[in-house]
Every structure is written in structure tokens, then in C-alpha cells.
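The next block holds one structure in the form of C-alpha cells; read it before the comments.
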Amino acid sequence: MTYEESSPPVRPAELEPDSVAVRLAPQLAQFAAVARLEHVTQAAQLLDMPQPTLSRAVARLEAELGVDLLARQGRTVRLTRAGRLLLGSVERALAELEQGAEAARAEADPEAGRVAFGFLHTMGTDAVPALLRGFRADHPRVRFQLVQDYVAAMLDRLRAGELDLCLVSPLPDAPDLVARPLDEQQLHLAVPADHRLAGRRRIRLAEVAQEPFVAVEEGYGLRLITDGFCAEAGFTPRIAFEGEEAETLRGLVAAGLGVALLPPALVPRPGVVELEVTAPRTRRAIGLAWVAGRAWTPPVAAFRDFVLSRRGRLLDHG
């Protein structure tokens, strides 16, 4: 079990106007400087502040706590027992603050910052790796947090600030989000190799209205699109099996368990035939989404501009 798992969670400090944390925080670094050097004048020089100002700050801290933190011996000072107890907590807090500030600076570093990028499962095998390879050619040190999820979950994480950008389909229509179309992808009807329509090249979707379908789970963009195209063709698909990955669905199709509307396979799947659908026009729009008005770090802005520059070529993986 890790330290984080075994230790109790940190309780957030109270931030009311009269709370100890709010009253004392400005004076803690000043106290730490005096305690480390055991000399008020030297600490004032270190902090680049007048010695009387620093002395008054430490005195206010002692008054707030109602204890003596320092025992003054001429020009030098020594920590009291209470001062040593406080200093341990102050040093840990200052170290955490320094680490947090460094992490925040690193997040926004134009050369080595981080981008939290969400995308569709079906984009993870080809389009996204190609995007990352192209972007990293000019930004080799930028770090990525990659998230694959269904559209609704990604948009929730986008709004919550957990993601910076999302590659989605269908494009969201919401006032708090911006969505820019990038490309269109044709969806084929995947049927088993021994299916009655497997010898055809093109079909109308209505021709499989009575067939069992395999599809991704509800909430996934591809499921919404599949249901929409079937409705346009005049029927509601009878879903026999649900899954999360396109390749899993192809396996179900190969096993003869149903048909499916899927993006083209990168590598032909044995036992599966892909047919072009002529009616309706089964193409899905793919685009980039982000929260309107949200400030971006330089690496996020650079990646967004790069992705938008791939408009019309998103699915070109050469």
C-alpha cells in the first residue's frame, strides 16, 4: 500500500476572514527566514525588507498565536519549543507551495508544458497518433495526457477543466462550447462474410432494417450517429450486442451476431465484408471542441492551432 493510500486525506484549511490560515499566511515565510538564520537583520536582508518591518511581522505572529516563538539574545534569536513546533509545519507548507508553483509554471511552459487531450476510441489507432507525431516534430518536449472516452463523458471533463481539447463526433451544439469541424469520415456497413448481402458493393441502409445490429453503448457518439442514420432510413435498429471498441464489434460481426455501421478498418478483418451505404449518406463529421472563453497555456494554444491546420486532412495518415 502506498503512502498516499495509507495516510489520511489532507483537510483543506478554513479560509474564512478570521481563520488562522488567512490571518497568518502572509507572515509564515518571514518567520521561517528568521528561524533559519536565527538573526532578524540577516533575515530582513534575505527578504529584502526593512528590519523593523520584519520584527513587527514576527511580533504580530506571536500575538496572533498567543505564544513566544523566538527567544531574543542580543542580535540573535533562538526558537522556543513552540517556535520549533510551528517551524516544522511552516517548512512543509512552504515546500509544498514551492512545488505547486513549480508544477503550475511547468504546465504552461511553451516548450515542455502539458496538453490534456480527449478523443474518440475510433480515432486512437490512426488519426491521433498521426496528429501527435506531426505536432511533436516541432514541439518535441510538450507532454500529453491522453484520454479516450465516449463523447458525453469527454465533454463533461472538458467543462470541468480536466481536458483542454477534445476530438469528437458528433460536434456538440452548446453555448458554452466551441466546436470546429475538421473532416468527414464515411461509415460502412460491416456484414459477416457469409451474409446474404456480402456479394454486393453498395446497399441502402433500409435493406437491413430487420437485421440484428451490434453497436457501441448508449452515450457514445457513434451510437448516436448510428441511431440517427437508421431513423433517417425509416427504422429503429434492433441492438443485439453492445460494446466499446470498433474492433470488438467487428469480431461480433465476423461471428455472425449482427451487422454494424463502422469506420473503415485499417486492416481487413477476416470474416467481415464492408459495404458502401448509398442512402442515407452515412458520413460523420469529426471536429475539435473546447470551452468558450477559457484561457489557454501556450502549449495548448499551439496544439489547437496545429490540429485546426489539419482541416480536411485529419484522416490522411500518410
Side-chain angles (χ1 to χ4, degrees), residues 110 115-140 142 144-152 154-155 158 163-190 201-202 205 216 220-229 232 245-247 250 260-268 274-294 296-318:
V115 179
F117 182 44
F119 53 92
L120 304 165
H121 286 84
T122 52
M123 296 283 103
T125 55
D126 45 14
V128 168
L131 279 176
L132 298 179
R133 182 178 64 244
F135 180 73
R136 290 290 291 273
D138 292 326
H139 303 82
V142 169
F144 281 85
Q145 176 192 354
L146 302 177
V147 174
Q148 290 177 277
D149 214 331
Y150 61 95
V151 171
M154 283 199 297
L155 296 182
L158 192 67
L163 295 175
D164 300 310
L165 302 163
C166 287
L167 196 63
V168 296
S169 179
L171 276 61
D173 181 14
D176 61 328
L177 300 178
V178 178
R180 295 285 182 267
L182 294 172
D183 217 331
E184 282 194 342
Q185 183 180 52
Q186 186 169 7
L187 301 179
H188 294 159
L189 186 74
R201 293 184 57 191
R202 301 178 181 85
L205 194 57
V216 291
Y220 282 69
L222 186 58
R223 175 63 175 272
L224 296 173
I225 292 169
T226 295
D227 290 347
F229 284 138
E232 193 174 342
E245 298 284 351
E247 287 309 305
R250 282 195 176 86
L261 273 178
L262 296 172
L266 293 179
V267 178
E274 296 189 357
L275 308 177
E276 179 183 347
V277 180
T278 58
R281 184 172 175 265
T282 53
R283 300 180 70 87
R284 66 170 178 172
I286 300 169
L288 190 67
W290 60 86
V291 175
R294 178 170 292 169
W296 288 335
T297 62
V300 173
F303 185 62
R304 185 209 72 148
D305 292 345
F306 174 80
V307 175
L308 293 181
S309 75
R310 300 289 300 174
R311 183 172 184 176
R313 297 178 293 133
L314 178 68
L315 304 178
D316 178 8
H317 315 310

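Note that the structure is a prediction, hence the values are computed from the model and not measured. Each residue takes its place number in the sequence, starting with 1.
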Just checking, Arg304 and Trp296: is the charged tip under 6.0 Å from the six-membered ring centre and within 45° of the axis?
->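 No.
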Could you tell me whether the side chain of [Y] reaches within less than 4.5 Å of the side chain of [X], counting heavy atoms only?
{"X": "Val147", "Y": "Leu163", "answer": "yes"}
{"X": "Arg284", "Y": "Leu120", "answer": "yes"}
{"X": "Leu187", "Y": "Leu222", "answer": "yes"}
{"X": "Tyr220", "Y": "His121", "answer": "yes"}
{"X": "Val168", "Y": "Ile286", "answer": "no"}

Got a sec: does the CG of Asp305 have more than 12 other heavy atoms crowding it under 6.0 Å?
-> yes
Using every non-hydrogen atom in the two residues, find where [X] and [Y] come nearest and quote the distance to one decimal.
{"X": "Gln185", "Y": "Leu315", "answer": "CB-CD1, 3.6 Å"}
{"X": "Pro175", "Y": "Ala292", "answer": "O-CB, 4.4 Å"}
{"X": "Ala285", "Y": "Glu184", "answer": "CA-CG, 4.4 Å"}
{"X": "Gly287", "Y": "Leu171", "answer": "N-CD1, 3.5 Å"}
{"X": "Val128", "Y": "Leu167", "answer": "CG2-CD2, 4.1 Å"}
{"X": "Pro280", "Y": "Phe229", "answer": "CG-O, 3.7 Å"}

Would Arg311 and Arg180 count as a side-chain contact (heavy atoms from CB on, under 4.5 Å) if you check the C-alpha gap in whole Å, the side-chain angles of each, and the deciding distance to 0.1 Å?
-> CA-CA 9 Å; Arg311 183 172 184 176; Arg180 295 285 182 267; over 6 Å; no
How far does [atom1] of [X] sit from [atom2] of [Y], to the nearest 0.5 angstrom?
{"X": "Leu189", "Y": "Thr282", "atom1": "CG", "atom2": "OG1", "value": "8.5 Å"}
{"X": "Arg281", "Y": "Arg283", "atom1": "CZ", "atom2": "CZ", "value": "5.0 Å"}
{"X": "Trp290", "Y": "Asp164", "atom1": "CH2", "atom2": "CG", "value": "12.5 Å"}

Which residue, Glu274, Arg250, His188, forms the side chain to side chain contact (heavy atoms under 4.5 Å, CB included) with Leu262?
->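 That would be Arg250.
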Give the C-alpha distance, both sets of side-chain angles, the deciding distance and a yes or no for side-chain contact (heavy atoms from CB on, under 4.5 Å) between Leu224 and Val151.
-> CA-CA 10 Å; Leu224 296 173; Val151 171; 5.9 Å; no
Classify the angle between the aromatic ring planes of Phe117 and Phe144 as parallel (below 30°), tilted (30 to 60°) or perpendicular (above 60°).
->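 The arrangement is perpendicular - the two ring planes meet at more than 60°.
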Listed partners of Ala302 passing side chain to side chain contact (heavy atoms under 4.5 Å, CB included), at least two apart |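 Side chain to side chain contact (heavy atoms under 4.5 Å, CB included) check on Ala302 returns Phe135, His139.
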Residue pair Leu131, Leu314: steps toward the side-chain contact (heavy atoms from CB on, under 4.5 Å) verdict = CA-CA 8 Å; Leu131 279 176; Leu314 178 68; 3.7 Å; yes
Decide yes or no on side-chain contact (heavy atoms from CB on, under 4.5 Å) for Thr125 and Leu266, but give the supporting numbers first.
-> CA-CA 9 Å; Thr125 55; Leu266 293 179; 3.7 Å; yes
